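Start at 1 and go down the list; that is how both ligands and their atoms are numbered. Computation of the quantities below employed the complete heavy-atom set of this structure, encompassing side-chain atoms and omitting hydrogens, waters and symmetry-equivalent molecules. Residue numbers start at 1 and run along the sequence shown. These figures come from a predicted structure and were not determined experimentally.
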Amino acid sequence: MIALDGVVKQYQGQNGPFSALDNISVHIKESEKFGIIGESGSGKSTLLRMINALETPDNGTVTVDGEDVVNLSPKQLRQYRKKIGMIFQQFNLLNNKTVLENVTLPLKLHKFESALDVDEVLSFVGLSDKKNSYPGQLSGGQKQRVGIARALITNPKILLCDEPTSALDEKTTDEIVGVLRRAHEVYGMTIVVVTHELNVIKHLCDRTLVLEAGNIIDTIDIKPSSHVI
Ligand code: ADP
Ligand code: ADP
């Protein structure tokens with residue numbers, strides 16, 4: 001469903017140009033829970049931004065759902081991004097908006113044919129009683145649940161998670177991994193998660209790329225542990 005072939009991305013570094021992604025090929029299947037792990041600077045975010053069409057490769061192709069996403073017009077790009085939900089390390093919530101307003105924000109910006117019901121989504125993430133709270137009144141884990149609800153409400157085909165638990169403690173990390181697993185069971189989207197935490201990979205991902213300095217040095221292919229966290 002998501003296919004990168006021979007993707008090269010170069011940036012200007014202190015000692016001249018270097019490859020943040022050095023001839024990367026990866027095929028992610030529909031409904032897969034796919035991980036990308038690596039040290040800081042290994043190219044994980046660059047790879048995620050390729051999928052979101054926020055970066056264009058210097059070489060190679062990026063195809064999603066059979067569509068070349070490298071050469072989209074601005075209108076096609078807006079249409080394409082409607083398929084994608086994003087979750088961020090720092091949650092990216094609007095602090096002067098309530099939980100309800102944060103979660104429904106995507107629906108105010110674009111028309112989504114198959115958007116989910118806000119009460120369903122808030123109940124799913126366990127925040128029905130917090131809909132009139134502000135982010136400042138929530139714990140880190142609750143904030144990330146708001147972030148997940150905001151991503152889910154558009155019913156995305158692809159959920160991109162950029163270090164979703166890196167700002168959270170161990171117990172809260174387990175909870176958020178559990179929410180993402182249940183989201184996948186209920187809504188069945190393709191999940192791509194970037195992380196530097198092996199525990200997240202172990203408990204969430206079907207298959208994982210290990211990146212080092214823009215190269216794939218390994219793929220981990222083990223079923224996530226079946227017990228519910
Ligand atoms: P990761 O997400 O694994 O930390 P990144 O994909 O953010 O890695 O970055 C990979 C490498 O590319 C790093 O060396 C980073 O400094 C560099 N890099 C990322 N974005 C840019 C940019 N816009 N301009 C220059 N260098 C960049
Ligand atoms: P438990 O239920 O006892 O916590 P798990 O089912 O979580 O056990 O995992 C058993 C062992 O297999 C653990 O050491 C765990 O780290 C490892 N493991 C589980 N799932 C994965 C995976 N997807 N990739 C790598 N190791 C895994």
S.K.: Report the C-alpha distance between Met1 and Ile28 in whole Å, list the side-chain angles of each, state the deciding distance to 0.1 Å, and finish with yes or no for side chain to side chain contact (heavy atoms under 4.5 Å, CB included).
M.R.: CA-CA 6 Å; Met1 180 198 202; Ile28 301 173; over 6 Å; no
S.K.: Would you mind running through ligand 1 and noting each atom that sits below 4.0 Å from a heavy atom of Thr46?
M.R.: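 Listed by number with element: 5 (P), 6 (O), 9 (O).
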S.K.: Quick one: look at Arg49 and ligand 1, take heavy-atom pairs under 4.0 Å, and tell me if it's side chain, backbone, both or neither.
M.R.: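 Near ligand 1, Arg49 shows its side chain, while the N, CA, C and O stay back.
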S.K.: Which protein non-hydrogen atom lies closest to atom 17 (C) of ligand 1, naming both residue and atom, and how far is it?
M.R.: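 Scanning the protein heavy atoms, the shortest distance from atom 17 (C) of ligand 1 goes to Phe18 CZ, 3.6 Å.
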S.K.: Where does the angle between the aromatic ring planes of Phe18 and Tyr11 fall among parallel (under 30°), tilted (30 to 60°) and perpendicular (over 60°)?
M.R.: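 Geometry flag for Tyr11 against Phe18: tilted rings.
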S.K.: When Lys157 is tested against each of Glu30, Met189, Lys82 for side chain to side chain contact (heavy atoms under 4.5 Å, CB included), which residue passes?
M.R.: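 Per the side chain to side chain contact (heavy atoms under 4.5 Å, CB included) rule, the option paired with Lys157 is Glu30, out of Glu30, Met189, Lys82.
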S.K.: Following the transitive rule for hydrophobic clusters with a side-chain heavy-atom cut-off under 4.5 Å over Ile, Leu, Val, Met, Phe, Trp and Tyr, establish whether Ile191 and Val186 coincide in one cluster.
M.R.: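 Per the 4.5 Å side-chain linkage, Ile191 and Val186 are co-clustered.
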S.K.: Between Thr165 and Glu197, is a side chain to side chain donor-acceptor pair (under 3.5 Å) present by the stated rule, with each step listed?
M.R.: CA-CA 8 Å; Thr165 59; Glu197 296 174 295; 2.6 Å; yes
S.K.: I'd like to check atom 13 (C) of ligand 1 in this structure: does the protein have a heavy atom lying under 4.0 Å from it?
M.R.: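 For atom 13 (C) of ligand 1 the answer is yes, since some protein heavy atom falls inside 4.0 Å.
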S.K.: List the closest protein heavy-atom neighbour of atom 27 (C) of ligand 1: residue, atom name, distance to the nearest 0.1 Å.
M.R.: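 Of the protein heavy atoms, Tyr11 CD1, 3.3 Å lies nearest.
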S.K.: Is a donor from one side chain sitting under 3.5 angstrom from an acceptor on the other, for Glu39 and Ser42?
M.R.: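 No, no side-chain donor-acceptor pair sits under 3.5 Å.
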S.K.: Lys44 heavy atoms, cut-off 4.0 Å: which ligand 1 atoms fall inside?
M.R.: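 Numbered from 1, ligand 1 contributes 1 (P), 2 (O), 3 (O), 4 (O), 6 (O), 8 (O).
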S.K.: Which ligand 1 atoms are under 4.0 Å away from a heavy-atom of Ser42?
M.R.: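 Checking each atom against Ser42, I get 1 (P), 3 (O), 8 (O).
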S.K.: Give yes or no for whether the N/O distance cutoff of 3.5 Å, strictly under, is met between Gly43 and ligand 1.
M.R.: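 Yes, there is a polar N/O contact under 3.5 Å.
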S.K.: List the closest protein heavy-atom neighbour of atom 10 (C) of ligand 1: residue, atom name, distance to the nearest 0.1 Å.
M.R.: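 The protein heavy atom lying closest is Gly41 O, 3.4 Å.
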S.K.: For the hydrophobic clusters of this structure (ILVMFWY residues joined by side-chain heavy atoms under 4.5 Å, transitively), does one cluster hold both Ile153 and Ile176?
M.R.: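 Same cluster: Ile153 reaches Ile176 through Ile, Leu, Val, Met, Phe, Trp or Tyr contacts under 4.5 Å.
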S.K.: Does some non-hydrogen atom of Gly38 fall short of 4.0 Å from ligand 1?
M.R.: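 In this structure, Gly38 fails to qualify as a contact of ligand 1 - no heavy atom is under 4.0 Å.
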S.K.: So if I count the atoms of ligand 1 from 1 in the order they appear, which ones are less than 4.0 Å from some heavy atom of Ser45?
M.R.: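 Near Ser45, meaning under 4.0 Å from one of its heavy atoms, ligand 1 has 1 (P), 2 (O), 6 (O), 7 (O).
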S.K.: Under the criterion side chain to side chain donor-acceptor pair (under 3.5 Å), which of Thr104, Asp119, Thr98 is the partner of Lys131?
M.R.: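 Among Thr104, Asp119, Thr98, the one meeting side chain to side chain donor-acceptor pair (under 3.5 Å) with Lys131 is Asp119.
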S.K.: Give the atoms of ligand 1, by number and element, whose distance to some non-hydrogen atom of Glu39 is under 4.0 Å.
M.R.: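 Here the atoms of ligand 1 in question are 3 (O).
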S.K.: Compare all side-chain heavy atoms of Arg150 with those of Leu93 and state whether any distance is below 4.5 angstrom.
M.R.: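 Answer yes - side chains close enough.
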S.K.: Return a yes/no value: protein heavy atom under 4.0 Å from atom 20 (N) of ligand 1?
M.R.: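 Within 4.0 Å of atom 20 (N) of ligand 1, protein heavy atoms are found.
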